[in-house]
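First comes the structure, then the notes that go with it.
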Amino acid sequence: MSYLLPTLTRKKEVDTIIRDTIDKVLVLRFGRADDAVCLQLDDILAKTAREVSKFATVALVDVDSDDVQVYVKYFDITLIPSTIFFFNAHHMKMDSGTADHTKWVGAFHEKQDFIDVVEAIFRGAMKGKLIVNCPLPPERIPKYQLLYKDV
């Protein structure tokens, strides 16, 4: 399904889409095109891209590309897929009850879950917030264990 969404493989492409997406939520999925969980998430993203097109733009970022490693390191992408949200070039964070508010790790369970999250981020961003509460119930939020290196 990744062929239905724009795939960014260069730092300049990522910079441009972050800078040029105005008054919309930018959804960047960091992952691999051949990973099973990424494919599941890509399916949900592709099916909902048209439904959220009035308030969101969706793009995929290939973590294996050497040119985007600066973003992989900056956002600490250790687990894939990781989804990061922006609004008017500002990194939007979401309190989903996990230890990491900077990104969504894992796939969404349903299309409606993704739509609800993007809509909550959009509404919060329009009010000037940089962090929003997750609208999903805790049982629909993927759980994972954070591993800190060199701590």
Side-chain angles (χ1 to χ4, degrees), residues 1-9 13-14 16-18 20-65 68-69 71-148:
M1 286 307 224
S2 61
Y3 57 87
L4 297 175
L5 296 167
T7 302
L8 312 174
T9 57
E13 294 171 337
V14 178
T16 302
I17 199 167
I18 290 171
D20 294 347
T21 304
I22 304 298
D23 291 336
K24 284 186 172 185
V25 175
L26 173 62
V27 181
L28 292 180
R29 190 277 288 149
F30 285 79
R32 295 183 179 93
D34 58 353
D35 183 71
V37 182
C38 288
L39 289 173
Q40 177 188 358
L41 179 58
D42 291 352
D43 182 50
I44 290 171
L45 295 178
K47 287 178 180 176
T48 56
R50 187 162 177 239
E51 294 175 42
V52 299
S53 64
K54 290 190 179 199
F55 57 92
T57 302
V58 180
L60 312 177
V61 181
D62 182 16
V63 295
D64 292 329
S65 173
V68 296
Q69 291 304 308
Y71 283 113
V72 172
K73 286 183 179 70
Y74 181 76
F75 291 116
D76 192 27
I77 308 293
T78 53
L79 300 171
I80 60 167
S82 290
T83 307
I84 298 178
F85 305 95
F86 291 89
F87 186 82
N88 290 346
H90 292 284
H91 182 204
M92 296 296 297
K93 297 168 185 69
M94 183 174 53
D95 183 2
S96 57
T98 62
D100 190 0
H101 301 319
T102 61
K103 58 188 168 281
W104 180 273
V105 177
F108 292 92
H109 291 281
E110 303 172 0
K111 286 178 12 177
Q112 192 60 47
D113 291 347
F114 173 69
I115 293 169
D116 291 347
V117 165
V118 173
E119 188 176 353
I121 289 172
F122 178 74
R123 288 176 188 230
M126 292 303 285
K127 293 177 184 175
K129 296 181 179 180
L130 292 177
I131 186 165
V132 297
N133 289 323
C134 182
L136 302 180
E139 62 270 6
R140 297 234 296 277
I141 298 171
K143 302 290 185 241
Y144 58 93
Q145 188 68 35
L146 283 178
L147 300 174
Y148 293 102

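- Nearest approach of Val63 to Gln69, heavy atoms of both residues: O-NE2, 2.5 Å.
- Put simply, CG on Leu45 and OG1 on Thr48 are 5.5 Å apart, with the number rounded to the nearest 0.5 Å.
- Of all heavy-atom pairs spanning Pro81 and Cys38, the tightest one is CB-SG, 3.7 Å.
- Rounded to the nearest 0.5 angstrom, Leu8 CG and Ile17 CD1 are separated by 5.0 Å.
- The two residues Lys103 and Asp76 have their closest heavy-atom pair at NZ-O, 3.3 Å.
- Here the closest heavy-atom approach between residue Glu110 and residue Arg140 is recorded as OE1-NH2, 4.1 Å.
- Residues satisfying the side chain to side chain contact (heavy atoms under 4.5 Å, CB included) criterion with Thr9, sequence neighbours excluded, are Thr7, Glu13, Asp62, Ser65.
- In this structure, the separation between CZ on Arg29 and CG on Leu60 is 4.5 Å, given to the nearest 0.5 Å.
- The line from NE2 of His109 to CD1 of Ile44 is 9.0 Å long, rounded to the nearest 0.5 Å.
- Among residues two or more places apart in sequence or in another chain, the side chain to side chain contact (heavy atoms under 4.5 Å, CB included) test is passed with Asp23 by Phe87, Asn88.
- Between Ile80 atom CD1 and Asp64 atom CG the span is 7.5 Å, to the nearest 0.5 Å.
- Looking at Val58 and Phe114, their side chains come closer than 4.5 Å, going by heavy atoms from C-beta outward.
- Considering all non-hydrogen atoms of both residues, Leu5 and Ala46 come closest at CD1-N, 3.8 Å.
- When side chains are defined from C-beta on, Val117 counts as touching Phe108, because their heavy atoms get closer than 4.5 Å.
- None of Ile77, Leu28, Leu41, Val72 except one satisfies the side-chain contact (heavy atoms from CB on, under 4.5 Å) rule with Ser82; the exception is Ile77.
- Ser96 approaches Ile141 most closely through the heavy-atom pair O-CD1, 3.2 Å.
- Residues passing the side chain to side chain contact (heavy atoms under 4.5 Å, CB included) test with Glu51, sequence neighbours excluded: Lys111, Ile115.
- Atom CG of Asp100 is separated from atom OG1 of Thr78 by 8.5 Å, given to the nearest 0.5 angstrom.
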Expected list for residues 121-138: side-chain donor-acceptor pairs under 3.5 angstrom, two or more places apart:
| residue | atom | partner | partner atom | Å |
| --- | --- | --- | --- | --- |
| Arg123 | NE | Glu119 | OE2 | 3.2 |
| Arg123 | NH2 | Glu119 | OE2 | 2.6 |

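- With sequence neighbours excluded, the residues that form a ring-ring contact (aromatic ring centres under 6.0 Å, His included) with His91 are Phe75, Phe86.
- With sequence neighbours excluded, no residue forms a ring-ring contact (aromatic ring centres under 6.0 Å, His included) with Phe30.
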